[in-house]
2 protein chains.
Amino acid sequence: MNIERVKSQMRKGVLEYCILSIISKDEVYASDILQTLKDAKLIVVEGTLYPLLTRLKNDGLLNYRWEESTSGPPRKYYGLTEMGQKFLIEMDSTWQELVDAVSHTTSKTKKK
Amino acid sequence: MNIERVKSQMRKGVLEYCILSIISKDEVYASDILQTLKDAKLIVVEGTLYPLLTRLKNDGLLNYRWEESTSGPPRKYYGLTEMGQKFLIEMDSTWQELVDAVSHTTSKTKKK
DNA sequence: TCCCAGTACTTTGCATTACAAGGTATTATA
DNA sequence: TATAATACCTTGTAATGCAAAGTACTGGGA
């Protein structure tokens with residue numbers, strides 16, 4: 001048991017939420033997402049992100065278009081589907097409820 | 001993909017944190033913990049909680065003492081070890097950092 | 001032309017763990 | 001003795017983050 005494992009565990013739950021949110025703001029491709037998450041100190045690696053994007057796409061929350069790049073292979077630019085937008089709104093509340101629940105549970109007041 | 005699965009995923013990461021926090025406030029046994037979590041709308045079932053308590057105990061964050069009950073089998077009352085207390089403090093920051101990271105990532109402002 | 005570096009996307013295998021479901025043990029009551 | 005209530009424990013499954021390795025496209029230099 002170490003604090004890194006805990007951090008990783010906590011990240012897990014919010015990854016999809018953050019990724020959908022990032023995509024909702026801008027059409028982006030995988031490396032953009034990695035960079036944005038890294039800027040926010042949410043460390044994620046390729047092996048995590050790609051399968052997750054594929055999953056979200058298969059679930060109908062995302063779609064993408066190929067775009068040629070001048071410096072390498074073509075990129076997949078992702079965007080939210082209508083369903084993805086609705087889902088994101090639900091996730092907003094879900095996250096907020098969790099934050100409230102945690103702050104309730106961890107408040108300093110003793111019960112009893 | 002459904003919102004329930006997402007909720008469950010988000011819960012995962014904070015369960016240990018919440019449980020340590022609950023135990024830090026009071027010596028409690030499993031049913032107390034379940035009730036407290038339920039009150040905070042963090043749904044957890046026995047099959048989740050017991051293995052988790054055992055894990056935290058094996059990691060040296062918790063200890064317990066048996067106490068006779070007047071209405072059934074004896075109960076395990078859990079308390080935090082010194083190490084558990086230190087760990088809880090680290091988890092406080094970890095959680096706060098995550099909340100900040102998420103709010104940063106999901107803020108409405110477009111980058112670019 | 002052939003190789004190499006850089007970029008981007010994909011796949012495989014593993015370890016962790018929440019949960020459902022069922023099991024064991026103790027006590028009180030009928 | 002049953003039965004019910006309470007409490008703790010175990011097993012099997014599915015999901016999934018991550019490390020590591022693989023595939024594929026582009027452009028520049030020998």
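Note that the structure is a prediction, hence the values are computed from the model and not measured.
B:Pro73 pairs by the side-chain contact (heavy atoms from CB on, under 4.5 Å) definition with nothing, not counting sequence neighbours. Residues passing the salt bridge (Lys or Arg N to Asp or Glu O under 4.0 Å) test with A:Glu97: none are found, sequence neighbours excluded. Under the side-chain contact (heavy atoms from CB on, under 4.5 Å) criterion, A:Lys41 pairs with no residue, sequence neighbours left out.
Rounded to an integer number of Å, the gap from NZ of B:Lys12 to C1' of C:dA18 is 5 Å. Going from atom CG of A:Asp32 over to atom C1' of C:dA8 covers 12 Å, rounded to whole Å. To the nearest angstrom, P of D:dA7 lies 13 Å from CD1 of B:Ile33. Distance A:Leu42 CG to D:dC18 P: 10 Å, rounded to the nearest Å. Following rounding to the nearest Å, B:Trp66 (CH2) and D:dA7 (C1') show an atom-to-atom distance of 8 Å. In this structure, A:Leu34 places its CG atom 13 Å from C1' of D:dC18, rounding to the nearest Å. Atom-to-atom, CZ of A:Arg55 to P of C:dT10 comes out at 14 Å; the value is rounded to the nearest Å. When rounded to the nearest whole Å, the span between CG of B:Leu56 and P of D:dC8 equals 15 Å.
Nearest to the side-chain atoms of B:Thr48 among the listed nucleotides D:dA7, C:dA18, D:dG17 stands C:dA18. Distance from the side chain of B:Pro51 is smallest for D:dT10 among the nucleotides D:dT10, D:dC18, C:dA20. Out of C:dA18, C:dT10, C:dT7, the shortest distance to the side chain of B:Leu52 is found at C:dA18.
A sub-4.0 Å separation between OP1 or OP2 of D:dC18 and a side-chain N or O of A:Arg11 is present. One finds a side-chain N or O of A:Tyr50 lying less than 4.0 angstrom from the OP1 or OP2 phosphate oxygen of C:dC9.
No side-chain heavy atom of A:Met10 sits under 4.5 Å from any side-chain heavy atom of A:Lys7. Inter-residue side-chain proximity for A:Trp66 and A:Lys76 is flagged as met; some heavy-atom pair is nearer than 4.5 Å. Proximity of B:Asp100 to B:His104: side-chain heavy atoms (C-beta onward) are nowhere separated by under 4.5 Å.
Within the nucleic acid shown, A:Ser8 comes within 4.0 Å of sugar-phosphate atoms alone, with no base atom in reach, counting heavy atoms only. Residue B:Ser31 is classed as a sugar-phosphate contact, given heavy-atom separations below 4.0 Å to backbone atoms only.
A:Val99 and B:Leu15 end up in the same hydrophobic cluster when Ile, Leu, Val, Met, Phe, Trp and Tyr side chains are linked at under 4.5 Å.
In this structure, A:Thr81 contributes its side chain and A:Leu61 its backbone to a donor-acceptor pair below 3.5 Å. In this structure a side-chain-to-backbone donor-acceptor pair under 3.5 Å is missing from B:Ser21 to B:Tyr17.
Summarising the hydrophobic clusters (Ile, Leu, Val, Met, Phe, Trp, Tyr; side-chain heavy atoms under 4.5 Å, direct or chained), the residues clustered with A:Tyr29 are A:Tyr77.
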- What string of B, S and - do you get for nucleotides 20-30 of chain D, 5' to 3', when a contact is any protein heavy atom under 4.0 Å? B----BS----
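Near-neighbour residues of DNA chain D inside residues 95-102 of chain A, defined by a heavy atom below 4.0 Å, are absent.
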